[in-house]
Amino acid sequence: MGTMKNKFMVILFVVSLLLFGLHIQTLAQEQANENVDEGFTEAPFLIGSGDFEYLNGIYYEAEFRFPYGVTYNPHTDMMLIADLQNHRIRQMNMETFEVTTLAGTTEQVDRFGFPAGGHVDGDADEAMFNRPRGLAVAPNGAIYVADTGNHSIRQIYDGQVYTVAGSGLRGHKDDVGLEAEFWNPTDIVIDSQGNLLVSDTLNHVIRKINQEGNVTTYAGEPGNTKLLFEPNGLAIDDNDLLYVADSANQQIKVIDKDGSIRVLAGMPGELDQDTGYWLGEYVNGRSEDARFNFPRGVALSPDGFVFVADSWTHTIRAISPSGRVYTVAGTGVSGFDWDEQFITEFDGPSGITYALGYLFVTDYWNNRVVAIPVMREFLRPIIDFTNTDSAVPVYIDGTEINFPDVEPFIDNDRVRVPLRFVVEEWGAGVSWDEDNRSVIVTVGGQEFILSEADGDFFIRDDRSIVQLRTLVDKLGFYIEWREDHRAVVIETFTY
């Protein structure tokens, strides 16, 4: 009898915890709603209730089925969302925060009972798409859609939907307009000359559609997965450098205007012999050391940061201009919880765009879009303080620094650290000027000089030792002492 009573009390306790968690989440959502209702303020908020349905209305009540691509339309002040399993292009008015359907409808259901896609041009409210993923807005206001399931590129303009490229059959064929063939095109951007650049995912290439409708292969080779392996999300800068989430290679790549490809960050893990895919990992740090796990979306900020929707780690990663990779949102495991300060959990983040000072992220399996202000308050590197053996751990942009011989120490209530290992982890070069007894730090074409005579450092065990204030004054770092973890937190960036 006592055992049954104990079990019953445990069940009540667990249920109460679940209800309490839901109540906290509701309060956080209510606070976010109030922030948005008062105007487009600098606070995170969610678009979508999280229910797997189709419903228009005010942003926090709207419903989606696997939202994937997202981009901003400056001509109409609308946030555009490719609602994949509803086979529609949705939009949210950035003044009223009402969600409506821009284009697409469905008439039948698939074998699972969900809306089925189709391929119909014509009036926007009668047109049909098939699992659309990518979106781009042209200077004239035309909206281009990577209509993945139809293996085609569609256009929405003046209330009409047109097919501009792709026969509807999967394949790889360079030709004109509807004679060309794609295989699961996923994302799309527009360069400064008005060309459409498309991630032709299962052909493992980037295609180009010029203004005359000619389709050519822009980068990569069909079937050559060493160059590109299921390229997914795209972003393009003012110099027409194309950033690619090379998802199955577990890398972020840059494609120059001549079509040459280089790695920006990440390396594949081991090859899974059963599937033929490279295994992903979850590692932050210098770009050459960092690891991703099926990154799907990329976005650029005006100050040179590359943000990545790293789908299978359920996180948002950032690549700084100095080449460091760190996590800015997400816990590394799938989930739905969040609070009023920042998003804590994602489930398969896929699309991402920078607009109006925010990152908008499609939280695919959670059926919502997450909006996070691009501010240090909400996008600081996430640190695991528990996984350390150091008496005074030092973290730079979320990654713990390894000090192989001389450890950081505290002297007269001041933390002292070996300079070389800090700046090398930052990605800088270090050299010693014996004549002037100074250390020269070089990064990004800039040179910083620290002088022994000026008291910038002192020598101990053949290492240049600095106090934290010197790193702030000389290198411009943001440094925080975390008394709760007795740890030093260094950030080398500003948003």
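In this chain, residues are counted from 1 in sequence order. Note that the structure is predicted; figures quoted are calculated from it, not measured.
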Q) Heavy-atom distance under 4.5 Å between the side chains of Gln85 and Asp110, does that happen here? A) yes
Q | Tyr54 and Asp83: side chain donor to acceptor below 3.5 Å | A | no
Q: Using the salt bridge (charged side-chain N to carboxylate O under 4.0 Å, His left out) rule, collect all pairs that involve residues 231-251, keeping only residues at least two apart or in two chains.
A: Asp246-Lys253
Q: Examine the side chains of Glu483 and Trp481 and answer whether a donor and an acceptor come within less than 3.5 Å of each other.
A: yes
Q: Output yes when Lys257 and Asp191 qualify as a salt bridge under the 4.0 Å nitrogen-oxygen rule, no when they do not.
A: no
(Q) Quick one about Arg291 and Asn284 (side-chain donor to acceptor, distance below 3.5 Å, no hydrogens or angles considered), yes or no? (A) no
Q.
Under a 3.5 Å threshold, yes or no: a donor from one side chain and an acceptor from the other, between Gln91 and Asn73?
A. no
**Q.** Any donor-acceptor pair under 3.5 Å from Asp272 side chain to Leu279 backbone
**A.** no
Q | Carboxylate-amine/guanidinium proximity below 4.0 Å for Glu63 and Arg368 | A | no
Q) Tell me, which pairs form a ring pair (Phe, Tyr, Trp, His ring centres under 6.0 Å) where one or both residues lie in residues 112-150, sequence neighbours left out? A) Phe52-Phe114
Q.
Working note: Thr327 + Tyr282, criterion side-chain hydrogen bond (donor to acceptor under 3.5 Å, both in side chains); need CA distance, chi angles, decisive distance, verdict.
A. CA-CA 10 Å; Thr327 300; Tyr282 182 23; 2.8 Å; yes
Q.
Less than 6.0 angstrom from the centroid, inside 45 degrees of the normal: does Arg170 satisfy that with respect to the ring of Phe182?
A. no
Q. Rounded to the nearest 0.5 Å, what separation is found between the OG atom of Ser311 and the CZ atom of Phe292?
A. 13.0 Å
Q | Sole candidate of Val198, Ile206, Ile261 that passes side chain to side chain contact (heavy atoms under 4.5 Å, CB included) when paired with Pro231 | A | Ile206
(Q) So, using side-chain hydrogen bond (donor to acceptor under 3.5 Å, both in side chains) as the criterion, who are the partners of Glu53 when residues are at least two apart? (A) Arg65
Q | Close side-chain approach of Trp365 to Ser334, heavy-atom, < 4.5 Å | A | no
**Q.** Side-chain H-bond candidate by donor/acceptor type, Tyr277 with Glu230, under 3.5 Å
**A.** yes
**Q.** Between CD1 on residue Ile47 and CG on residue Asp363, distance to nearest 0.5 Å
**A.** 11.5 Å
Q: Kindly compute the distance separating CD1 (Ile396) from CZ (Phe477), expressed to the nearest 0.5 Å.
A: 5.0 Å
Q.
For a quick check under 3.5 Å, do Thr186 and Tyr68 share a side-chain donor-acceptor pair by atom type?
A. no
(Q) Are Phe229 and Trp278 an aromatic pair, judged by ring center distance below 6.0 Å? (A) no
